[in-house]
Amino acid sequence: MTNQTLLTRSLQSVWHPCTQMKQHESYPLIPIKRGDGVWLYDAEGTRYLDAVSSWWVNLFGHNNPRIKDAIKLQLDTLEHVMLAGFTHEPVVELSEKLAKLTGLGHAFYASDGASATEIALKMSFHYWRNSGKPHKTKFISLQNSYHGETLGALGVTDVAIFKDTYAPLLMQSAQMPSPDFRLSEAGEGAEAFALRCADALAFYVSEHHAELAAFIIEPLIQCAAGMGMYHPTYLRRAREICSQYDVHLIADEIAVGFGRTGTMFACEQANLSEGQNSLNLVSDIADFICLSKGITGGYLPLSAVLTTDKVYQAFYDDSTLKGFLHSHSYTGNPLACSAALATLAIFESDNVIETNRDKAAYLNAKMQVLANLPIKNIRHQGMILAFDVQTDDSKTTHAKFSRDCYSAALKQGLLLRPIGNTVYFMPPYTITEPEIDLMMHATLQAIQHSL
Ligand SMILES: Cc1ncc(COP(=O)(O)O)c(C=O)c1O
């Protein structure tokens, strides 16, 4: 099928996500036929470097032989069986491995990030009911947080463009000051700012803990807020505050899990402040972790929520109603689990976290290509690098910059997806140094054309 035919048919038959469809009158869809490594190709051979890992899911490149082969092998054995009343090897093996990596366990599966958020919120709420504290029903999250767009997840999300229209449908939640260091006072260090925000959290929780079930947080980076990064000490303080007041901490690592921030999970870095250099286990910080996106290397939809023995035990009872009766048809799909196992095997065999350190250093050094642009707030954490382009500070200007830069980058063979005036790179880990060079030069051109 030609590019043009595919575009026409898609616009007639598909309602694309996160899109005002009318805008496709001026910003055409991009038809993709195949992928290979960091590259996406259309039907006529035009290629685009996927600098955003296809919405932050891809870890080891498109058309990765190891993940592909694992799925094919699984396909010859068992494509799917329902997980209520049945089990299978890939789901057991994956659950054991995730438990070992996080220190949490009892993996509960779904297919998308937002479903994982729903599950963690429902589990926390239900835990308190089962534990004789039915008044603990409320949730808090950070200002500018993003946890997905189903109704429950949207209730703890704080991005106006996604949330405001649906406000009458949503549960109420309170937002705590964000430790995103772009919001700090001039001259205030990131750690001092994080501690100031944690004080505000402590104050709120001290006043409301009797009705609070959980605090849900994106560890280290608020990605959808424009890669808002914050000092890890905030996580440590959040844990202390939640423990002091008997409130769950839900770590939403849907975007940042699986190595993006430089450690397997972002929560591991909670102790990395001055004088404290040891890594944590996720279970030192969180009562629940939500995982998705990179979990299958970007191959198949899968998400998981892991929690503590204490939470699990509160559901283990003769009463059916005390059980967690939530379900999705494709829960624990064997093909998705086999993709996840292949992904974890690559982490184990290829020393990915270590190798990424050198790659991240190269990526940072290459920011010099953009040195003469009007940019600020250059920030990086592991394999994520972001900066803000100085445009005038209205939402309309940011939105226009974002669309123009996206289009200009495509013309340079680069898939960038700026969030407002924030340009970021979150490439597959397999990106090579020459590909990073290409990415930087194409970004330079794209930004110059959009200013
Ligand atoms: C932190 C976070 N939580 C939840 C989600 C929702 O995931 P999904 O789009 O798979 O529903 C996202 C998606 O970007 C995310 O970044």
Side-chain angles (χ1 to χ4, degrees), residues 140-146 158-160 174-207 215 217-241 256 260-263 266-278 280 285 360-361 363-395 397-398 401-402 418-426 447 451:
I140 53 175
S141 60
L142 287 180
Q143 170 196 5
N144 302 328
S145 59
Y146 183 91
D158 184 41
V159 182
Q175 274 64 53
M176 304 296 109
S178 166
D180 174 349
F181 72 72
R182 290 176 297 173
L183 304 171
S184 62
E185 301 284 331
E188 190 177 28
E191 183 161 17
F193 179 56
L195 288 170
R196 182 156 68 84
C197 292
D199 286 347
L201 171 71
F203 181 72
Y204 186 91
V205 175
S206 71
E207 299 257 293
F215 175 35
I217 184 170
E218 294 156 271
L220 294 189
I221 311 182
Q222 293 186 281
C223 294
M227 301 299 151
M229 300 188 186
Y230 59 86
H231 196 279
T233 210
Y234 186 84
L235 291 175
R236 184 182 53 79
R237 280 294 294 134
R239 174 69 269 168
E240 287 165 2
I241 295 161
V256 295
R260 291 283 185 204
T261 66
T263 46
C267 279
E268 293 170 19
Q269 298 180 47
N271 260 340
L272 294 187
S273 55
E274 268 172 71
Q276 292 166 307
N277 292 319
S278 59
N280 292 98
I285 302 302
L363 187 60
N364 286 326
K366 278 287 154 180
M367 272 301 290
Q368 85 199 32
V369 173
L370 309 180
N372 292 327
L373 290 173
I375 59 177
K376 59 181 179 178
N377 298 328
I378 300 170
R379 52 202 183 273
H380 60 94
Q381 179 78 55
M383 286 295 284
I384 302 177
L385 191 152
F387 55 87
D388 302 334
V389 175
Q390 276 164 340
T391 56
D392 84 54
D393 256 345
S394 77
K395 280 203 169 134
T397 317
H398 287 180
F401 169 80
S402 156
I419 302 172
N421 65 331
T422 297
V423 174
Y424 70 91
F425 305 112
M426 202 195 285
I447 295 175
L451 286 173

> Residues two or more places apart in sequence or in another chain: which of them pass salt bridge (Lys or Arg N to Asp or Glu O under 4.0 Å) with Glu188?
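Here the qualifying residues are Arg196.
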> How close do Tyr230 and Pro179 get, counting heavy atoms only, and between which atoms?
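It is CB-O, 3.2 Å.
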> Quick check: closest heavy atoms across Thr261 and Ala266, and the distance to 0.1 Å?
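Residues Thr261 and Ala266, closest heavy atoms: OG1-CA, 3.5 Å.
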> Is any side-chain heavy atom of Met426 closer than 4.5 Å to a side-chain heavy atom of Cys223?
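Of all side-chain heavy-atom pairs linking Cys223 with Met426, at least one is under 4.5 Å.
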> Going by the rule side chain to side chain contact (heavy atoms under 4.5 Å, CB included), which residues pair with Asp199 if we only count those two or more places apart in sequence or in a different chain?
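Side chain to side chain contact (heavy atoms under 4.5 Å, CB included) list for Asp199, sorted by chain: empty.
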> Determine whether Glu218 and Val256 make a side-chain contact, defined as any pair of heavy atoms from C-beta on separated by less than 4.5 Å.
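A side-chain contact under 4.5 Å is absent here.
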> Could you list the residues that satisfy side chain to side chain contact (heavy atoms under 4.5 Å, CB included) with Ala361, not counting sequence neighbours?
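Not a single residue meets the side chain to side chain contact (heavy atoms under 4.5 Å, CB included) criterion with Ala361.
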> Looking only at non-hydrogen atoms, find the nearest pair between Arg182 and Met227 and report the distance.
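The pair with the smallest heavy-atom distance is NH2-C, 4.4 Å.
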> For Arg379, give me all partners under salt bridge (Lys or Arg N to Asp or Glu O under 4.0 Å), at least two apart in sequence or on another chain.
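If we apply the salt bridge (Lys or Arg N to Asp or Glu O under 4.0 Å) test to Arg379, skipping adjacent residues, the hits are Asp388.
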> Looking at residues at least two apart in the chain, or sitting in another chain, which of them share a ring-ring contact (aromatic ring centres under 6.0 Å, His included) with Phe425?
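Phe425 satisfies ring-ring contact (aromatic ring centres under 6.0 Å, His included) with no other residue.
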> Are Ser402 and Ile419 side-chain neighbours, meaning at least one heavy-atom pair lies under 4.5 Å?
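No, side chains not in contact.
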> Are there over 12 heavy-atom neighbours, none belonging to His398, within less than 6.0 Å of that residue's NE2?
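Check passes, neighbour count above 12.
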> Name the one of Glu191, Arg237, Gln269 that satisfies side-chain contact (heavy atoms from CB on, under 4.5 Å) with His231?
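Testing each of Glu191, Arg237, Gln269 against His231, the sole residue satisfying side-chain contact (heavy atoms from CB on, under 4.5 Å) is Glu191.
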> Side chain to side chain contact (heavy atoms under 4.5 Å, CB included), that's the test. Do Leu201 and Ile140 meet it? Break it down for me.
CA-CA 10 Å; Leu201 171 71; Ile140 53 175; 3.9 Å; yes
> Heavy-atom distance under 4.5 Å between the side chains of Phe215 and Leu142, does that happen here?
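Side-chain contact under 4.5 Å: yes.
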> With sequence neighbours excluded, what pairs up with Ile378 under the side chain to side chain contact (heavy atoms under 4.5 Å, CB included) test?
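Residues passing side chain to side chain contact (heavy atoms under 4.5 Å, CB included) with Ile378: Met367, Ile375, Phe387.
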